[in-house]
Amino acid sequence: MTTTTAAAVVESAGAGFHLTQIELADPRPDEVLVRMVAAGVCHTDLGVAAGALPFPLPGVLGHEGAGVVEEVGSAVTRVRPGDQVLLSFTSCGRCADCRDGHPAYCAAWLPLNLLGGARADGSPTVTRDGAALGGHFFGQSCFARHALVDERSLVKLPAGAPLDLLAPLGCGVQTGAGAVWNILRPRPGATLVVTGAGAVGLSAIMAARLTPATRVIAVDRVPARLELAAELGASHTVDTTTADLAEAIGEITGGRGADGVVETTGNVTVASAAVGVLAARGTAVLVGAPPFGSTVPVDVNFMLPGRQVVGLTLGDSETESLIPVLAELVSDGRLPIDRLIKHYKFEEIQRAADDIVSGAAVKPVLRF
């Protein structure tokens with residue numbers, strides 16, 4: 001028996017989110033039916049809804065879900081009905097990178113998560129009146145009251161965990177934290193720069209505060225975001241509407257530059273400037289995703305003193321290892337992501353999306 005539920009469907013590129021009834025397929029052996037309790041809204045959802053990526057529309061997006069398991073497939077071992085779960089990306093579990101503990105670099109990552117709109121074999125997880133819709137987004141498509149989820153997208157949470165607070169751990173928070181902890185790994189006294197004080201950038205700043213880095217520099221163009229960054233752990237802030245980034249970093253670091261940069265804006269001009277402030281042996285982590293085909297010029301001689309540029313997907317996280325740690329840090333008050341969150345009813349999803357674009361919300365979280 002299929003499951004009929006309400007979902008926020010994007011009918012065509014730029015059309016926005018509209019609630020309608022859909023049907024979910026029965027869980028296969030490796031799938032789980034989850035009743036959604038909360039879901040974060042991310043810039044990636046908005047980019048796909050706008051047509052910036054070739055995801056099949058009409059479709060159901062959403063990839064920062066949290067909910068309660070209602071039904072499990074016959075081969076599922078991670079969870080059982082009644083468990084609270086957080087949803088993140090999926091992966092094949094069989095390729096070299098998955099076996100090596102790097103599922104965010106799964107050989108099938110793009111079709112399974114971002115572009116395919118269906119299971120690996122092409123079959124739909126979401127239909128409407130018998131017609132297939134784009135679904136299986138990050139193995140979940142959680143902008144619905146129920147979601148059919150890959151087991152590999154699930155992380156079990158303790159009973160009673162605050163799902164409407166923890167939902168963003170599935171993408172934005174783990175991306176920012178992973179950039180710092182998994183890639184930069186700052187040594188004592190290091191200087192880190194974070195360009196963009198949105199949800200990912202602020203998560204990187206909060207994660208950096210839990211390391212021995214002594215300078216954490218937030219860069220943005222919105223004074224309120226910079227003020228929040230300072231409250232969450234930034235030692236310095238740079239407003240690029242009034243300051244040149246290279247000059248500001250040079251002044252703060254005595255001309256040495258930054259040991260690490262987390263670039264979250266996806267703006268190639270900002271990315272180029274961010275690489276340019278690296279100290280010798282420094283690393284720039286590119287997190288923000290510009291349109292396909294975008295390039296950032298690199299001066300080879302500038303790179304020769306050990307400078308590196310690293311691309312990053314979802315914090316290079318192994319979700320079952322990292323997400324429970326993040327959840328514990330949130331619970332202990334050491335990762336105050338509540339400062340980023342603004343809650344909305346599920347029916348207000350379009351307003352939540354509009355508030356991201358306008359800057360009225362850093363991280364909208366829908367409550368079902």
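Every value quoted in this text rests on a predicted model; they were computed, and no experiment measured them.
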Which pair of heavy atoms, one from [X] and one from [Y], lies closest together, and at what distance?
X	Y	value
P186	V180	CD-O, 3.6 Å
M36	A144	CG-O, 3.0 Å
A167	G40	CB-N, 4.0 Å
F137	D45	CE2-OD1, 3.3 Å
L114	F55	O-CD1, 3.4 Å

When you measure from the side chain of [X] to the backbone of [Y], do you find a donor-acceptor pair of N or O atoms at a distance under 3.5 Å?
X	Y	answer
S203	A199	yes
H343	D164	yes
T191	A258	no
T125	G135	no
S272	T269	no
S235	V216	yes
E64	C42	no
R78	L154	yes
D150	R152	no
Q140	S153	no

Side chain to side chain contact (heavy atoms under 4.5 Å, CB included) assessment of V37 paired with F368 = CA-CA 5 Å; V37 172; F368 291 83; 5.7 Å; no
message = Assess, by modelled atom type and distance only, whether the side chains of R145 and T5 contain a donor and an acceptor separated by less than 3.5 Å.
response = no
Using side-chain heavy atoms (C-beta onward) and a distance below 4.5 Å, is [X] in contact with [Y]?
X	Y	answer
P103	T319	no
I337	L169	yes
L335	V173	yes
T44	L61	no
K342	P364	no
L210	W181	yes
L24	V126	yes
V41	Y344	no

In residues 298-305, what donor-acceptor pairs under 3.5 Å come from side-chain atoms, sequence neighbours left out?
residue, atom, partner, partner atom, Å
D299, OD1, N301, N, 3.0
D299, OD1, F302, N, 3.3

task = Tell me, please, which residues at least two apart from S141 pass side-chain hydrogen bond (donor to acceptor under 3.5 Å, both in side chains).
result = none
request  = Supply the atom-to-atom distance M206 CE to R334 CZ, rounded to the nearest 0.5 angstrom.
outcome  = 13.5 Å
message = Which residues pass the side chain to side chain contact (heavy atoms under 4.5 Å, CB included) test with E328, not counting sequence neighbours?
response = D332
request  = State which residue, out of V149, V69, V68, fulfils the side-chain contact (heavy atoms from CB on, under 4.5 Å) condition with V85.
outcome  = V69
query = Which residue pairs pass the salt bridge (charged side-chain N to carboxylate O under 4.0 Å, His left out) test when at least one of the two sits in residues 239-265, sequence neighbours left out?
reply = R187-D259, R256-D259
Which pairs of donor and acceptor atoms, one on a side chain in residues 274-295, lie under 3.5 Å apart (sequence neighbours left out)?
residue, atom, partner, partner atom, Å
S294, OG, P291, O, 2.6

key: Test salt bridge (Lys or Arg N to Asp or Glu O under 4.0 Å) applied to R307 - qualifying residues, sequence neighbours left out   = none
